[in-house]
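Here the structure comes first, spelled out in structure tokens, and everything after it is commentary.
FYI, the numbering just counts along the sequence from 1.
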Amino acid sequence: MSVGEPTSDSAPFFSDDSEAEGTEELDGAPGQRPDDLSPSGVSRVRSVLTVSILCYINLLNYMDRFTVAGVLPDIERYFRIDDGKSGLLQTVFICSYMFLAPFFGYLGDRYNRKLIMSVGISFWSLVTLASSYTPKEYFWALLLTRGLVGVGEASYSTIAPTIIADLYVKEKRTQMLSIFYFAIPVGSGLGYIVGSKVDYAAKDWHWALRCTKETLLSCFSLCCRRSRSFVLSTFGFTAVAFVTGSLALWAPAFLFRAAVFTGEKSPCVQEPCDTSDSLYFGIITCVTGVLGVASGVEASRRLRKRTPRADPLVCATGLLLSAPFLYLAIVFAQASTIATYVFIFLGETFLSMNWAIVADILLYVVVPTRRSTAEAFQIVLSHLLGDAGSPYLIGVVSDSLRKTDSYLWQFRSLQLSLLLCAFVAVGGGAFFLATALFIEGDRHRAENYMMNRSLCPKAAEPPGCQFPVF
């Protein structure tokens, strides 16, 4: 490869060779590129269309994930299960997702990514449909199908961000990633909204899953040894996953129990249960997600003019600010419903500030040929120590604290267990502050690696070419 040849950060998404190191030289003078082409060599229209499709699928991904939480009271009544088993619905899914992520990350770095995602999404849709036909005597079958849903999501989540990284560079990449990660809070909120409204309209929670299925059909080892900022930011993101996983499943149920405790609502003695809290929480999740992601990206962009450590500092600020508001939301639930929703709004806004930024940190501190692998290992660690176990942990702690089966203790035990989320958020902020200490060195090391790769032939490495190991 000559010095004048254009290079891409990684294998083009539209290439069948996942290890390609660059694009073919375009017609015309060397170093020139037509205005209608992106830096990857793909037309701008096709690049925008690709990102739009990826964002749409990501929206459906998180919409499907949190539909179950939106109709959780009905599921608990249908299967006659306690809080611990309810928490398993999320834990089984996340465990399947995180354990399969490294496998699909490995495949994504080496084989056709379009084929991998297509097969995964098809399997994901079919399993989601199957889960909606689970008889009430076979709760284990619902757990099994929820676990299999993780197969499709793992095949998509590890690959999609690397495709966007292939198509765009620098600030444009960050902008596209922010659009992509808007789908996380918005899709999560829509999961609650669609699930609760379909449940209410059909008088059957099974149709909430079937509706999501129809929407679906329509449409660390190499990295950890040198990149300390990657490891620390992953631990920080793990705290985010722990808090969001806990709130995603338990917040609507907690708000419902609080309303029953204060006498604002009647207990659920007949299906369908009152799911208005899921509706309100879903709307809040959508709005705060958009505000949080947008404000996080904008704050990072402005702060980069002052310091190269802007990204981890913004992430740390978001988590540290979210902690007191989440704490107040949980504490005020028994006193004021309005105050509770206001604090939830503020807490979720600050919590959402880091979604796109964390993804961007990974992409510029990890070399391109290992990004899918790094993405996979980040998914494993963040979910293993985060939302894979947090819903189940909250449920188990709630069961252990409950002294009687009265409405008072159903509310009080869950309230006390959810307080753990505020303290985990503080720990996550500390990890991001530590990330700021190493982010510059790790970014320069990755940039130097790419510079050396562009200057040195692929067939041999001259003595002057030193490739760092990540």
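A donor-acceptor pair under 3.5 Å is absent between the side-chain atoms of Tyr192 and the main chain of Asp277, judged by distance alone. No donor-acceptor distance shorter than 3.5 angstrom exists from the side chain of Thr91 to the backbone of Leu88, with no hydrogens or angles considered. Panel note: side chain Ser398, backbone Ile394; no donor-acceptor pair is recorded below 3.5 Å. Listed for the Ser400 side chain is a donor-acceptor partner under 3.5 Å among the backbone atoms of Val397. Within the 3.5 Å criterion, the main-chain N or O of Ile330 finds a donor-acceptor partner in the side chain of Gln415. Formation of a donor-acceptor pair under 3.5 Å by the Thr307 side chain with backbone atoms of Arg304 is not found in this model. At least one donor-acceptor pair under 3.5 Å links the side chain of Arg309 to the backbone N or O of Ala436. One N or O on the side chain of Ser96 and one on the backbone of Gly147 form a donor-acceptor pair closer than 3.5 Å. Side chain of Asp442 to backbone of Ser229: a donor-acceptor contact under 3.5 angstrom is found. At least one donor-acceptor pair closer than 3.5 Å links the side chain of Arg173 to the backbone N or O of Ala165.
Closest heavy-atom contact between Pro308 and Ile439: O-CG2, 4.1 Å. Pairing each heavy atom of Pro391 with each of Ser246, the nearest pair is N-OG, 4.4 Å. The nearest pair of heavy atoms linking Ser278 to Gly70 is OG-O, 3.1 Å. Looking at every heavy atom in both residues, Ile94 comes nearest to His383 through CG2-CB, 3.4 Å. Across Val71 and Gly195, no two heavy atoms sit closer than the pair CG1-O, 3.3 Å. What you find for Val293 and Pro185 is that their closest heavy atoms are CG2-CG, 4.3 Å.
Residues forming a salt bridge (Lys or Arg N to Asp or Glu O under 4.0 Å) with Arg412 (at least two apart in sequence, or on another chain): none. With sequence neighbours excluded, no residue forms a ring pair (Phe, Tyr, Trp, His ring centres under 6.0 Å) with Trp250.
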Intermediate values then yes/no, side-chain contact (heavy atoms from CB on, under 4.5 Å), Ile344 and Leu255 = CA-CA 11 Å; Ile344 288 177; Leu255 293 169; 4.1 Å; yes
Show the numbers, then the answer: is there a side-chain contact (heavy atoms from CB on, under 4.5 Å) between Tyr168 and Ser47?
-> CA-CA 8 Å; Tyr168 297 96; Ser47 297; 3.3 Å; yes
Give the C-alpha distance, both sets of side-chain angles, the deciding distance and a yes or no for salt bridge (charged side-chain N to carboxylate O under 4.0 Å, His left out) between Asp83 and Arg257.
-> CA-CA 13 Å; Asp83 288 347; Arg257 293 184 188 183; 2.6 Å; yes
Audit row: Leu328, Leu346, side-chain contact (heavy atoms from CB on, under 4.5 Å) steps and yes/no = CA-CA 10 Å; Leu328 291 173; Leu346 295 173; over 6 Å; no
What do the steps show when you test Leu72 against Leu89 for side-chain contact (heavy atoms from CB on, under 4.5 Å), and what is the final call?
-> CA-CA 10 Å; Leu72 186 60; Leu89 287 171; 4.3 Å; yes
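Residues Leu320 and Leu433 have side chains in contact (heavy-atom distance under 4.5 Å, counting atoms from C-beta outward). Two residues are said to be in side-chain contact when any heavy atoms from C-beta on lie closer than 4.5 Å; Leu326 and Leu247 meet this criterion. Two residues are said to be in side-chain contact when any heavy atoms from C-beta on lie closer than 4.5 Å; Ser86 and Ile75 fail this criterion. Contact of the Leu319 side chain with the Val426 side chain is not registered, since no non-hydrogen atoms from C-beta on lie closer than 4.5 Å. Residues Phe242 and Leu393 form a side-chain contact, since some pair of their non-hydrogen atoms from C-beta on lies under 4.5 Å apart. No side-chain heavy atom of Ile179 sits less than 4.5 Å from a side-chain heavy atom of Ile164. Using a 4.5 Å heavy-atom threshold, the side chains of Val194 and Thr67 count as separate.
Classification of the Phe254-Phe411 ring pair by plane angle, with boundaries at 30° and 60°, yields parallel. Using a 30° and 60° split on the angle between ring planes, Tyr341 and Tyr280 fall in the perpendicular class, above 60°.
Annotation: Phe332, atom CZ; neighbour count of heavy atoms from other residues, nucleotides and ligands within 6.0 Å does not exceed 12. Counting heavy-atom neighbours within 6.0 Å of Tyr364 OH, excluding the residue itself, gives a total above 12.
For Gln378 and Thr234, the side-chain atoms include at least one donor-acceptor pair closer than 3.5 Å. In the model, Thr288 has no side-chain atom that pairs as donor or acceptor with a side-chain atom of Thr349 under 3.5 Å.
Remark: Arg301 engages Glu298 in a salt bridge, criterion side-chain N to carboxylate O under 4.0 Å. Salt-bridge check for Arg371 with Glu375: failed, with every basic side-chain N at 4.0 Å or more from each acidic carboxylate O.
Under a cutoff of 6.0 Å and an axis angle of 45°, Arg146 and Phe93 form a cation-pi pair.
We find the CG-CG distance between Asn58 and Leu54 to be 8.5 Å, quoted to the nearest 0.5 Å. Here the CZ atom belonging to Arg228 is positioned 13.0 Å from the OG atom belonging to Ser233, to the nearest 0.5 angstrom. For the atom pair CG (Leu279) and OG (Ser196), the distance works out to 5.0 Å, reported to the nearest 0.5 Å. If you take OH on Tyr156 and OH on Tyr97, they are separated by 10.0 Å, rounding to the nearest 0.5 Å. If you take CD on Glu348 and SG on Cys286, they are separated by 10.0 Å, rounding to the nearest 0.5 Å. Atoms CZ and CG, from Phe237 and Asn354 in turn, are 6.5 Å apart once rounded to the nearest 0.5 Å.
A side-chain contact (heavy atoms from CB on, under 4.5 Å) with Phe345 holds for exactly one of Leu291, Thr340, Thr285, Ile283; it is Leu291.
Not less than 6.0 angstrom separates the ring centroid of Phe235 from the ring centroid of Phe432.
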